[in-house]
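Presented below is the structure to which this report refers.
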Amino acid sequence: MSGRLHGDRMSLYDHRSIEAKWQKVWDEQGIYKTSTDRTRPKYYVLDMFPYPSGAGLHVGHPKGYVATDIVARARRMMGYNVLRVMGWDSFGLPSERQAERENTHPALITARNIQTFKDQLSRLGLSYDWDRELATSDAKYYKWTQWIFLQLYNAGLAYRSETPVNWCPALGTVLANEEVKDGVYVETGDPVERRSMTQWMFRITAYADKLLAGLEDLDWPDGIKKQQRDWIGRSVGAEVSFAVAGTGHSFKVFTTRPDTLIGCSYAVLAPEHELVEAITTPERAAAVHAYREQVKRRSDRDRMAQAADAPKTGVWTGAYAVNPVTGEEVQLWIADYVLAGYGTGAVFACPAHDERDHAFARTHGLAIREVVAGGDVQTAAYTGDGPHVNSDFLNGLDIETAKKVVTSWLEERGSGREMVQYRLRDWLFARQRYWGEPFPILERPDGTIVTVPEAELPVVLPELAEFKGTGDGRPPLARAEEWVKAKDPVTGLPVQRETSTMPQWAGSCWYYLRFISPDRDDVAWDRGDESYWMPVDLYVGGAEHAVLHLLYSRFWHQVLFDLKLVSTPEPFKRLYNQGMILANSYRDARGKYYYPTQVEEKSGTWFVKGTDTPVERKLEKMSKSRYNVENPDDMCDQYGADALRLYELFMGPLEDTAIWETTGVAGTRRFLERAWRLVVDPETGERPSKLVDHAVDDRPLERSLHSMLKKVSEAVDSLKFNTAIAEMMMFVNEATRASAVPVEAVDAFVRVLAPFAPHVSEELWARLGHSESVTGASWPSFDESKIKADTLTLSVQVNGKLRATIEVAPDISAEDAIATAKRSESVQKFVAGGTIRREIYVPGRLVNLVVN
RNA sequence: GCCCGGAUGGUGGAACGGUAUACACGGAGGACUUAAAAUCCUCUGCCUCACGGCUUGCGGGUUCGAAUCCCGCUCCGGGCACCA
């Protein structure tokens with residue numbers, strides 16, 4: 001037993017017995033079960049559910065969970081019907097890899113990890129309705145993930161396509177773009193290469209405009225909305241046709257600057273463009289071929305590393321493109337700064353007004369022709385506005401007008417039209433992995449597709465002994481030969497099951513809906529309950545999900561809304577991002593990490609303890625691999641769940657990145673002990689005599705109480721828990737100092753403390769004589785009039801510098817305040833010798849005398 | 001390179017354009033104790049013996065008054081990577 005905290009003194013409460021006692025009571029009474037009462041207003045508060053990794057929970061996880069728990073508990077006390085649930089995003093590659101390492105089944109690994117997470121979460125006293133727990137890898141759950149896939153498929157939003165994909169040979173799987181950075185898988189560092197494969201795709205681009213428009217009314221951080229807008233990347237421009245001189249071929253370009261068409265001095269195709277082969281002249285064939293080979297060999301890593309700053313490479317094809325406006329023939333090049341995957345994979349180049357074209361033209365000695373006045377285009381591209389010059393019928397027009405004029409000019413001649421492009425691509429929705437949802441899809445020998453009838457869902461993931469791909473590029477499920485064989489539901493003939501699985505996003509796209517009816521086997525969710533609970537009122541999680549998870553979820557939800565399967569157009573009304581938790585990590589020159597206990601500081605630098613091996617000390621995101629995780633279990637043991645809960649939020653604002661540092665937790669523990677002693681006399685263990693049943697004339701105490709009640713009440717909405725906790729501390733300090741405290745005040749305090757520190761509050765509530773759980777108690781109201789002070793302290797400034805403070809009546813007039821201020825000795829000292837030029841009175845705040 | 005945050009005591013942080021540093025940690029001193037722990041009380045931004053002066057990353061500006069608003073930087077964290 002750590003004697004410092006758990007002596008047998010009665011002045012300290014024993015958090016272990018209290019936590020065990022009340023968690024048992026809550027459990028037995030089913031106190032956090034969701035009410036079926038539909039007459040009360042609802043509040044759906046949701047945490048981004050975790051991926052149950054083998055590493056278990058660390059102190060960064062509970063920060064958001066505690067915050068939402070406070071909101072949930074407080075809202076219940078305020079009379080809301082609260083939906084508060086937790087589940088597991090339990091499909092995914094790490095479990096599959098762990099299974100391979102340990103030679104067990106991913107399902108067992110997953111079950112074990114879930115149990116660890118759940119045990120750790122339970123210790124914190126979070127008020128989840130565990131009857132609604134779900135796991136995305138559970139067939140009862142993914143049955144409906146498959147069902148939603150079918151809804152999207154039937155709506156024409158899922159299709160198969162031959163696509164270049166990120167193939168990871170080490171894992172034998174395809175990775176999404178967002179999982180690959182610098183040519184390697186972000187999770188493991190395994191190299192990734194390009195390979196062409198038939199893949200399932202979602203037509204998310206069809207929803208680009210809806211996804212943009214839907215952001216308008218959401219109560220989300222502006223930064224997240226902006227990131228989503230940028231990711232969708234809507235740009236309005238024109239599609240313009242260029243003929244290839246003397247060939248009968250033509251190609252289209254997309255441009256946001258059709259007004260600069262006349263300044264076009266060459267055109268560029270992506271090296272992968274389908275026309276390259278056909279239009280390259282024999283003399284240039286060797287060079288073109290060599291360049292295309294070079295580009296193909298260049299890894300994504302190199303291409304990205306060199307992006308933007310590197311010299312732009314490319315070769316001339318020997319062909320000429322015909323400018324549709326001027327009829328002029330310009331050289332047609334291929335260059336890898338033009339991306340095959342965006343727009344039409346071809347651009348016209350106007351070096352004078354585009355930085356990339358400018359860089360390319362300078363490197364390759366191509367002409368730079370000014371068409372918008374305002375810059376020195378030979379030196380640098382000019383992208384600002386100005387009157388058009390050298391531009392025939394566009395001369396004198398500004399950019400906006402010129403764009404319109406030239407676009408309609410092109411339209412009239414059938415060589416162009418206005419067009420909107422998105423940066424957003426269709427969503428690659430398939431993985432060559434085992435541990436994911438199978439597709440409810442069958443393929444006939446002729447290659448056509450049949451869907452598995454809804455009545456036959458779920459398509460259960462087959463058992464396998466080996467989870468790697470087949471080695472010839474087919475996914476692991478191809479190993480389940482019997483499973484792959486199926487009967488055509490229409491014709492009864494043999495068909496084959498789709499062997500890829502869905503990506504991890506699938507399960508997390510709609511879990512908030514399943515929480516509404518987790519046990520229903522006949523429907524994914526009950527329509528009546530769905531229209532009661534949706535949308536999610538408050539969704540809390542890390543900002544790292546700013547784009548992908550939140551965009552994919554919104555996409556599915558909007559589709560479901562259009563199919564009239566859900567009642568709201570958007571799933572998450574309010575979004576709040578909790579900040580990361582960082583901790584110091586220590587690493588030597590070879591890159592080996594050390595635990596904080598293995599290092600020491602010597603005159604400002606850090607060394608491995610007892611050696612002269614220097615280590616680098618760095619603040620990094622908490623993770624097991626960096627040897628810098630703090631486990632909440634230890635803190636729970638030593639300080640109690642309540643002190644830990646308070647500390648997680650007292651550290652600073654919820655949205656801020658915070659450095660984990662444990663010294664401060666003693667402060668929240670001491671606060672709880674002080675609160676305890678307001679109700680329990682440390683000598684007798686009984687109610688202290690200073691706790692009285694009648695009102696007490698103690699204005700500061702009363703003011704502190706009501707100010708605290710106000711602050712905490714507001715925090716339930718603003719989520720500014722750090723300052724709310726400070727107010728509670730101030731109240732307890734005030735009450736500790738007071739000689740008599742009305743029991744009514746402590747009663748109110750315990751109620752607002754309860755969402756923050758539920759165990760100790762429950763015990764105190766019982767000791768105050770209540771037989772029902774504080775969970776169901778009413779939220780105390782505050783009296784604004786009691787927060788006001790009897791007298792005001794005005795500060796008196798001379799020329800903006802503080803020279804005195806004066807005590808005045810709260811309702812003092814401006815004249816009196818200024819007069820009183822002038823009488824002050826120290827003020828007179830600074831006014832002497834000058835003339836008062838101006839007198840400023842800010843009611844209730846200050847007087848400022850301007851003197852010279 | 002672009003976009004988004006941030007920078008306040010020894011430390012985490014607080015502050016409708018109006019007394020900068022609430023609350024907490026740490027530190028110092030005191031009370032209680034045989035002693036220690038715990039608890040309680042007092043002090044704790046910097047300079048100065050003091051009067052007083054200085055202080056919210058740096059430099060300007062707006063204002064009677066700026067941590068807060070504007071302009072120009074520096075550093076740190078995060079995101080995006082040639083999107084025509």
Side-chain angles (χ1 to χ4, degrees), chain A residues 3-5 7 9 11-12 181-182 221-224 226-227 230-231 233 235 237 253-257 260 268 303-310 312 335-339 341-350 353-357 359-360 421-425 543-544 546-547 579-580 582 619-621 646-647 650-653 655-668 670-671 673-674 677 682 720 722-730 733 736-737 793-805 837-851:
Chain A
R4 267 185 60 236
L5 280 164
R9 301 167 328 279
S11 62
L12 298 187
K181 197 177 179 182
D182 299 336
D222 289 338
I224 302 287
K226 188 178 179 329
Q227 279 186 65
D230 290 350
W231 190 266
S235 56
V253 303
F254 172 72
T255 176
T256 54
R257 292 293 305 276
T260 62
V268 191
R303 235 180 121 159
M304 270 183 213
Q306 293 168 13
D309 309 323
K312 290 187 170 26
D336 71 351
Y337 83 91
V338 175
L339 307 174
Y342 182 76
T344 58
V347 302
F348 82 83
C350 176
H353 306 289
D354 181 283
E355 277 158 25
R356 294 151 306 185
D357 297 343
F360 190 82
Q421 265 297 327
Y422 301 92
R423 190 180 172 137
L424 181 72
R425 313 289 168 81
E544 63 270 26
V547 179
M580 280 189 300
L582 310 180
L619 273 177
E620 293 187 286
K621 194 176 161 174
L646 278 167
Y647 182 59
F650 185 60
M651 283 198 308
E655 70 267 34
D656 284 9
T657 301
I659 296 159
W660 185 254
E661 212 250 326
T662 53
T663 55
V665 71
T668 55
R670 281 204 275 266
F671 158 67
E673 284 168 3
R674 242 172 253 152
R677 286 196 296 269
K720 289 182 175 154
N722 55 330
T723 51
I725 293 167
E727 286 274 337
M728 288 198 281
M729 288 172 166
M730 282 152 77
N733 291 343
T736 299
R737 273 193 293 274
T793 306
L794 288 184
S795 53
V796 183
Q797 299 179 336
V798 178
N799 289 337
K801 291 201 177 187
L802 182 71
R803 296 303 181 188
T805 56
R837 306 286 297 255
R838 199 166 159 187
E839 297 165 343
I840 291 146
Y841 175 61
V842 182
R845 292 288 185 174
L846 58 68
V847 172
N848 188 11
L849 305 173
V850 183
V851 176

Could you state the [atom1]-[atom2] distance from [X] to [N], rounded to the nearest angstrom?
{"X": "A:N733", "N": "B:C25", "atom1": "CG", "atom2": "C1'", "answer": "14 Å"}
{"X": "A:I659", "N": "B:C76", "atom1": "CD1", "atom2": "P", "answer": "15 Å"}
{"X": "A:M580", "N": "B:G77", "atom1": "CE", "atom2": "P", "answer": "11 Å"}
{"X": "A:R423", "N": "B:G79", "atom1": "CZ", "atom2": "P", "answer": "16 Å"}
{"X": "A:R356", "N": "B:G1", "atom1": "CZ", "atom2": "P", "answer": "17 Å"}
{"X": "A:F671", "N": "B:G12", "atom1": "CZ", "atom2": "C1'", "answer": "17 Å"}
{"X": "A:L646", "N": "B:C25", "atom1": "CG", "atom2": "P", "answer": "13 Å"}
{"X": "A:D336", "N": "B:C83", "atom1": "CG", "atom2": "C1'", "answer": "14 Å"}

Is [X] near enough to [N] that one of its side-chain N or O atoms lies under 4.0 angstrom from OP1 or OP2?
{"X": "A:K801", "N": "B:C54", "value": "yes"}
{"X": "A:Y342", "N": "B:A84", "value": "yes"}
{"X": "A:T663", "N": "B:U11", "value": "no"}

- Is the base of B:G9 syn or anti, where syn means the angle lies within 90° of 0? syn
[N] pairs with, by Watson-Crick or G-U criteria that keep both distances under 3.5 Å:
{"N": "B:G18", "answer": "B:C64"}
{"N": "B:C80", "answer": "B:G1"}
{"N": "B:G72", "answer": "B:C58"}
{"N": "B:A31", "answer": "B:U39"}
{"N": "B:C51", "answer": "none"}
{"N": "B:C23", "answer": "B:G12"}

Integer angstrom distance from the [atom1] of [N] to that of [M]:
{"N": "B:C82", "M": "B:G9", "atom1": "C1'", "value": "47 Å"}
{"N": "B:A20", "M": "B:U55", "atom1": "C1'", "value": "9 Å"}
{"N": "B:C2", "M": "B:A15", "atom1": "P", "value": "33 Å"}
{"N": "B:G57", "M": "B:G10", "atom1": "P", "value": "13 Å"}
{"N": "B:A14", "M": "B:C69", "atom1": "P", "value": "15 Å"}

Among the candidates [options], find the nucleotide nearest to the side-chain atoms of [X].
{"X": "A:N722", "options": "B:A14, B:G18, B:A84", "result": "B:A14"}
{"X": "A:R670", "options": "B:G13, B:A84, B:C25", "result": "B:C25"}
{"X": "A:L802", "options": "B:U39, B:C83, B:A20", "result": "B:A20"}
{"X": "A:A726", "options": "B:C23, B:A14, B:C82", "result": "B:C23"}
{"X": "A:F254", "options": "B:G79, B:U19, B:A84", "result": "B:A84"}
{"X": "A:L846", "options": "B:U19, B:C82, B:A24", "result": "B:U19"}
{"X": "A:R803", "options": "B:U39, B:G53, B:C83", "result": "B:G53"}
{"X": "A:R425", "options": "B:C83, B:G18, B:A22", "result": "B:C83"}
{"X": "A:M651", "options": "B:C82, B:G13, B:G12", "result": "B:G12"}

- Message: Quick check for you: to the nearest 0.5 Å, what is the distance between A:E727 atom CD and A:N722 atom CG?
- Response: 11.5 Å
- Hey, does the side-chain of A:R737 have a donor or acceptor N/O within less than 3.5 Å of a partner on the base of B:C41?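 No pair found.
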- Query: Going by modelled atom types, is there a donor-acceptor pair between the base of B:C3 and the side chain of A:K226 at under 3.5 Å?
  - Reply: no
- Message: Could you report the tightest heavy-atom contact between A:I840 and A:V850, atom names first, then the distance?
- Response: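 Reported closest heavy-atom pair: CD1-CG2, 4.3 Å.
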- Shortest non-hydrogen contact from A:A349 toward A:Y337: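 Minimum heavy-atom separation between A:A349 and A:Y337: CB-OH, 4.5 Å.
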- Query: Given side chains that start at C-beta, do those of A:E839 and A:V847 come closer than 4.5 Å, heavy atoms only?
  - Reply: no
- Message: Taking the side chain as everything from C-beta on, heavy atoms only, tell me whether A:R677 gets closer than 4.5 Å to A:T736.
- Response: no
- Message: For A:G343 and A:D230, find the nucleotide of RNA chain B closest to each by heavy atoms; which residue's nucleotide sits nearer the 5' end?
- Response: A:D230
- Note on the structure: The answer to which of A:V347 and A:P843 contacts RNA chain B further toward the 5' end, by nearest nucleotide, is A:P843
- Item | Residues which pass side chain to side chain contact (heavy atoms under 4.5 Å, CB included) with A:M729, listed by chain and number, not counting sequence neighbours |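 For A:M729, the residues satisfying side chain to side chain contact (heavy atoms under 4.5 Å, CB included) (neighbours in sequence not counted) are A:F650, A:T668, A:F671, A:I725.
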- Item | Whether A:D656 side chain and A:A658 backbone form a donor-acceptor pair below 3.5 Å |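 The answer is no, because no donor-acceptor pair under 3.5 Å joins these two groups.
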- Indicate, with a heavy-atom threshold strictly under 4.0 Å, whether A:T793 touches base, sugar-phosphate, or nothing. base
- Message: Within the 4.0 Å heavy-atom criterion, would you say A:D357 contacts the bases, only the backbone, or no part of the nucleic acid?
- Response: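 A:D357: no heavy atom of the nucleic acid under 4.0 Å.
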- Sequence-distant partners of A:Y647, ring pair (Phe, Tyr, Trp, His ring centres under 6.0 Å), two or more places apart: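 A:Y647 satisfies ring pair (Phe, Tyr, Trp, His ring centres under 6.0 Å) with A:W660 once adjacent residues are dropped.
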- Query: Checking side-chain contact (heavy atoms from CB on, under 4.5 Å) for the pair A:V796/A:L802: CA distance, chi angles, key distance, verdict?
  - Reply: CA-CA 6 Å; A:V796 183; A:L802 182 71; 5.9 Å; no
Could you list the protein-to-nucleotides 61-65 of chain B atom pairs, N/O on both sides, closer than 3.5 Å?
{"unit_1": "B:C64", "atom_1": "OP1", "unit_2": "A:R838", "atom_2": "NH1", "d": "2.8"}
{"unit_1": "B:C64", "atom_1": "O2'", "unit_2": "A:N848", "atom_2": "ND2", "d": "3.4"}
{"unit_1": "B:C64", "atom_1": "O2", "unit_2": "A:N848", "atom_2": "ND2", "d": "2.6"}

- Message: Could you check whether atom CD of A:E355 has more than 12 heavy atoms from other residues, nucleotides or ligands sitting under 6.0 Å from it?
- Response: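 It does not: A:E355 CD has 12 such atoms or fewer within range.
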